[in-house]
Amino acid sequence: MSETGAEKATGTESMPDWEKRFRAPRVSLPDWAEDAPQRALFVSNATGTYELYAWDRETGTQRQVTDRANGTTDGVLSPDGEWIWWFNDKDGDEFGVWMRQPFAGGPDEPAVPGLDASYPAGLALGRDGGPVVVGRSTDEDGTTIHVVRPRGAGGQDAEPVEVYRHRESAGVGDLSHDGTLIAVEHTEHGDAMHSALRVIRPDGATVAELDDTKGGTVELGLEVLGFAPVAGDTRLLVGHQRRGRWEPMVWDVASGEESDLDLGLPGDVSAEWYPDGSALLVAHGFEARGELFRYDLASRELERIETPAGSVSGATARPDGTVEYMWSSAAEPPVVRSTSGGVVLDPPGMKAPGSVPVEDVWVEGPGGRVHALVQRPAGATGPLPTVFEVHGGPTWHDSDSFAAGPAAWVDHGYAVVRVNYRGSTGYGREWTDALKHRVGLIELEDIAAVREWAVSSGLADPDRLVLSGGSWGGYLTLLGLGTQPETWAVGLAAVPVADYVTAYHDEMEALKAMDRTLFGGTPEEVPERYAASSPLTYVDQVKAPVYISAGVNDPRCPIRQIDNYVDRLAARGAVHEVYRYDAGHGSLVVDERIKQVALELDFAARHLPGQRAA
């Protein structure tokens, strides 16, 4: 059937391309059971809501596992492939309990009946009757980690045993193949941006420690990448920052031996084990692109795995030695590919239209060269109305990958500029860590430098500049509207921090720890820093029309602090609109996401000079 014929068959021939990109069925990279690799779990929006799906690769059978109003994306397969664990929160509030369901189908049941609801802090499932390790985070207890022995023939689990507790944030890193070692990432030193590692036994006894923070005096972090997938093997793959960027090393927790893997790659490097433990699948991210390598541990040879230019957002090595990976570029929608050739999992139905490629721009900023990704309508010349789409995180980065939101703006005649400001990952540790204490203000300095380039180069119309973003990007949007009021014509902030002091007191505990690290203390300890970085401080200086969207159940950017900001806008008659929806930190419902994008497009069109309604 031709594309036109397919569109007529599905009734989508009159649907605009920007909406098709959201509605087209997508799938995640399938996760497979370690001891039953034919059984897999993936996420898809095929029903219009992102949910978990089971896939028997031998028979080709697929079935929907979860079906909830606000969607489900957190799920794990047990090593034997018999059970699917999924996290059950309420309306996107991220506070809940683990449930489980047989892979073949059946009723859901509480996976760990003895544990109350919490925010999740990691999960590791043992094999062959081995332990289950559950991480929990609550305002009352901080982080706790519990070991549970799975239910036996009597149908009853043993009572959960607490093996770790601390007020600061921590989490379950991994469980060894034989279930005798548990790797824990913790921030007991008080620096939530740089974890230390501890390996404990299921009874809580400490086996080994690895701490590059030197008690918090040195800002170097560690992360758990996984135990070797071999019985009796005590090697742990660890990410470290000792050379100024993320790189892997192998740490034998029994002997204490550390094997440095200086791969000679310029960007951030992560890795995971091949299933037989003889090699590593290496993921290299550099200047907003991604690539893959195979590293043989015996020969120490690094071999490139051919992938197209763009971004690899996830990869896994299969038992047969092939590698499956999720790939996309700004111009081409995501697809799950295999090194054996072809597409691994191709959902039926409408295909997402492509978009335009990105251009790389480097601008000198106050803290060094700033990398920006630019998209413009095909054949368009400036000056154009321009959206500065600011990424969240802040420890994240924009990449040459497919994004339906920026593509929608391009379809409507806008240029889109995405800035990897200081605080972004992928440009070295110093770049990521630079935003401490002058939180928000440093990022906006980098955005301002790129904005000056965009105007002076003729790309952007200085009278039609839109500042937009979600989460941390929404926070920077509101802060930018108040601290740079003459610059921006419109502001669009989704799930933002708006009143930082109130946000701190209402947010989930793990984010409190992050804020204490960023600011150097609580709002009571360093009030001047919170005031300098809070959008509420500058709300009376805002001149641009402001659009805000917020989830009423959001534990990350809670609704009360947004209401405080909106009340101040309303008190002085500032032009603003607010959209509240019944979910958490964003929505997993396709219709809801489309509605939000449509509202943003319409708001910008009504308030930018010379624009026509979308």
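In this text, all values refer to a predicted model and were calculated from it rather than measured experimentally.
For G474 against A493, the heavy-atom pair with the smallest separation is O-CB, 3.6 Å. In plain terms, the two heavy atoms of L588 and G71 that are nearest each other are CD1-C, 3.7 Å. A pairwise comparison of heavy atoms in V356 and V410 identifies CG2-CG1, 3.9 Å as the closest pair. Closest approach of Y414 to A604, counting heavy atoms only: OH-CB, 3.7 Å. The shortest heavy-atom contact between A192 and T517 is N-OG1, 2.7 Å. Minimum interatomic distance between S534 and A498 (heavy atoms only, all atoms of both residues): OG-O, 3.8 Å.
With sequence neighbours left out, P383 forms a side-chain contact (heavy atoms from CB on, under 4.5 Å) with D461. Residues that satisfy the side-chain contact (heavy atoms from CB on, under 4.5 Å) test with Q541, not counting sequence neighbours, are Y538.
You'll find the side chain of D433 reaches within 4.5 Å of the side chain of M193, heavy atoms only. Side-chain atoms of E359 and Q375, non-hydrogen and from C-beta on, never get closer than 4.5 Å to each other. Within the 4.5 Å cutoff, the side chain of L467 has heavy atoms near those of the V390 side chain. Looking at S549 and L599, their side chains never come closer than 4.5 Å, going by heavy atoms from C-beta outward. Here the side chains of L465 and V455 are in contact, with some heavy-atom distance below 4.5 Å. Side-chain contact check for W18 versus I594: some heavy-atom pair is nearer than 4.5 Å. F95 places none of its side-chain heavy atoms less than 4.5 Å from the side chain of P555.
Residues R516 and Y504 bring a donor and an acceptor atom of their side chains to less than 3.5 Å of each other. For the residue pair Y500/D515, the side-chain donor-acceptor check at 3.5 Å is satisfied. For E223 and W246, the side-chain atoms include no donor-acceptor pair closer than 3.5 Å. Inspection of the T47 and T49 side chains reveals no N or O donor paired with an N or O acceptor under 3.5 Å. A donor-acceptor contact under 3.5 angstrom links the side chains of E592 and Q596, judged on distance only. Side-chain N/O atoms of E324 and T316 include no donor and acceptor closer than 3.5 Å.
Although no hydrogens or angles enter the test, the distance criterion places a donor-acceptor pair under 3.5 Å between the side chain of R572 and the main chain of V539. Side chain of D93 to main chain of K90: a donor-acceptor pair is present (N/O by atom type, distance under 3.5 Å, no hydrogens or angles). In terms of modelled atom types and a separation under 3.5 Å, the side chain of S44 and the main chain of R26 share a donor-acceptor contact. Side chain of N70 to backbone of A583: no donor-acceptor contact under 3.5 angstrom is found. A side-chain donor-acceptor contact under 3.5 Å links D400 to the backbone of A330. Side-chain atoms of T66 come within 3.5 Å of backbone N or O of L52 as a donor-acceptor pair. When atom types are taken as modelled, the side chain of R529 and the backbone of F519 share a donor-acceptor pair closer than 3.5 angstrom. Under the 3.5 Å distance criterion, the side-chain polar atoms of R21 are matched with a main-chain donor or acceptor of G354. S329 contributes no side-chain N or O that, together with a main-chain N or O of G310, makes up a donor-acceptor pair within less than 3.5 Å. Remark: side-chain polar atoms of S533 are paired, donor with acceptor, to backbone N or O of V439 under 3.5 angstrom.
Atoms OG1 and CZ, from T425 and R245 in turn, are 15.0 Å apart once rounded to the nearest 0.5 Å. With rounding to the nearest 0.5 angstrom, the CD atom of Q561 is 12.0 Å from the NE2 atom of H505. Separation of atoms OG1 (T502) and CG (N564) is listed at 4.5 Å; rounding is to 0.5 Å. The line from CZ of F87 to OG1 of T72 is 11.0 Å long, rounded to the nearest 0.5 Å. L536 contributes atom CG, which lies 8.0 Å from atom OH of Y565 (distance to the nearest 0.5 angstrom). Note that CG of D89 and CG of N553 are 9.0 Å apart. Values are rounded to the nearest 0.5 Å.
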(request) Evaluate side chain to side chain contact (heavy atoms under 4.5 Å, CB included) for V578 paired with D563, printing each intermediate quantity in order. (result) CA-CA 9 Å; V578 182; D563 288 340; 5.8 Å; no
(request) List the steps, then state whether side chain to side chain contact (heavy atoms under 4.5 Å, CB included) holds for V312 with H284. (result) CA-CA 9 Å; V312 176; H284 176 227; over 6 Å; no
(request) Go through the steps for Y547 and H607 under the test side chain to side chain contact (heavy atoms under 4.5 Å, CB included), then give the verdict. (result) CA-CA 11 Å; Y547 171 85; H607 292 286; over 6 Å; no
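Ring orientation note: the planes of Y427 and W431 are tilted relative to one another, at an angle of 30° to 60°. The aromatic rings of F42 and Y53 sit parallel to each other, their planes meeting at less than 30°, with 60° as the upper class boundary.
Remark: E507 does not engage K512 in a salt bridge, criterion side-chain N to carboxylate O under 4.0 Å. Note on R289 versus D360: salt bridge recorded, some NZ/NE/NH1/NH2 to OD/OE distance being below 4.0 Å.
Summarising the local packing, CD of E430 is surrounded by 12 or fewer heavy atoms from other residues, nucleotides or ligands at distances under 6.0 Å.
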